[in-house]
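Note sheet for the following structure.
Computed from heavy atoms alone, side chains included, the values below leave out hydrogens, waters and symmetry copies.
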Amino acid sequence: MTQLSAAVRTLLTALATLTATATATAPAASAPVTLELRAPKDFVALSSVDPTIIQEIRYFTPHNFVGERIDGYREPLCILTRPAARALHEAQRKLLPRGYSLKVYDCYRPQRAVDHFVRWAQDPDDRAMKAEFYPNVDKSRLFADGYIAEKSGHSRGSTVDLTVVRLPAAPTRPYRPGEPLTPCFADQDERFPDNSVDMGTGYDCFDTLSHTLDPRVRGEQRANRSLLRSTLERLGFVNLAEEWWHYTFEPETFPDTCFDFPVARGSLTDHR
């Protein structure tokens with residue numbers, strides 16, 4: 001009995017040692033997301049740098065691929081790092097004399113909004129906006145095809161989704177939830193109305209036709225994409241090849257940090 005007890009004690013001691021070693025070497029559990037209430041001082045409202053740039057912040061509205069206002073968008077406001085906002089101001093200065101204006105659809109995007117996209121993408125039964133935003137893509141493919149990801153460059157504050165509008169800008173009517181939907185790659189007069197010049201697809205169109213240099217996009221549509229691209233690239237913006245509307249100002253102020261403060265003036269050090 002004594003020999004058995006000694007053997008058991010030896011085994012328990014060895015197991016305890018292994019457990020302690022595994023605990024010490026295992027990676028720490030992911031820290032909870034900090035819901036910051038304020039942005040770093042490097043963030044500004046675009047309107048405080050250039051009030052002439054048109055803003056149509058889609059994720060504040062239900063007119064997006066999810067079909068409802070996205071978490072974290074408390075105001076229809078474009079927030080960017082100051083260098084990115086100043087570069088957009090320079091782009092606007094070049095476009096205005098030619099009779100055009102920039103229009104932004106999305107700017108800084110909090111991590112909680114990205115998390116909202118991920119939850120939506122994981123629900124195969126929620127396809128309310130499919131007929132407009134991803135008519136030819138099976139929702140189960142959104143992660144694999146790169147349309148949805150768990151992290152977004154927008155959360156770093158130097159990425160913007162935008163287009164070009166010919167002046168004077170006609171008003172864009174609001175989306176009415178439940179209204180009939182038309183594919184985002186239909187002819188411009190058939191798509192949901194947008195005062196943007198014709199870019200070949202609507203904003204956030206999950207389709208290969210949204211690729212900036214897709215060879216099927218020709219004529220005026222290609223010229224419009226080129227106008228946006230050439231104007232922005234001269235000022236330090238880099239286009240995401242799969243999305244004609246997506247540009248990142250480089251070098252980024254926060255290349256390795258995703259933020260989660262709400263989209264609201266109260267988040268900013270300078271509330272103007």
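- In this structure, Arg127 does not pair ionically with Asp138, as no charged nitrogen and carboxylate oxygen lie closer than 4.0 Å.
- Across every non-hydrogen atom of Pro110 and Asp71, the tightest pair is CG-O, 4.3 Å.
- Below 30°, between 30° and 60°, or above 60°: for Phe259 and Phe43 the angle between ring planes is above 60°, a perpendicular geometry.
- Of the N and O atoms on the side chains of Asp194 and Ser196, not one donor lies less than 3.5 Å from an acceptor on the other residue.
- Ser47 and Arg265 share a side-chain donor-acceptor pair at under 3.5 Å.
- The environment of CZ in Arg74 is sparse: at most 12 heavy-atom neighbours from other residues, nucleotides or ligands sit within 6.0 Å.
- Residues Tyr100 and Arg166 have side chains that bring a donor and an acceptor to within less than 3.5 angstrom of each other.
- Checked against the 6.0 Å centroid threshold, Tyr108 and His154 do not count as a close aromatic pair.
- Annotation: side chain of Val165 is not in contact with side chain of Val197 (no heavy-atom distance under 4.5 Å).
- No salt bridge links Asp123 with Lys139; every basic N to acidic carboxylate O contact stays at or beyond 4.0 Å.
- Using modelled atom types, one finds no donor on one side chain facing an acceptor on the other under 3.5 Å when comparing Thr248 with Arg156.
- Ring centroids of Tyr134 and Tyr147 are separated by 6.0 Å or more, keeping the two rings apart.
- Side-chain contact annotation: Asp106 with Tyr73, donor-acceptor N/O pair under 3.5 Å present.
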Report the C-alpha separation of His246 and Tyr105 in whole Å, then their side-chain angles, then the decisive distance to 0.1 Å, and conclude whether the ring-ring contact (aromatic ring centres under 6.0 Å, His included) test is met. CA-CA 10 Å; His246 181 118; Tyr105 293 114; over 10 Å; no

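- Within 6.0 Å of atom NZ in Lys94, 12 or fewer heavy atoms from other residues, nucleotides or ligands are found, so the atom counts as exposed in its surroundings.
- Asn239 and Thr212 share a donor-acceptor pair across their side chains, judged by distance under 3.5 Å alone.
- Looking at Gln92 and Thr52, their side chains do bring a donor and an acceptor atom within 3.5 Å of each other.
- Side-chain contact of Glu243 with His211: a donor-acceptor pair under 3.5 Å is absent, judged by distance alone.
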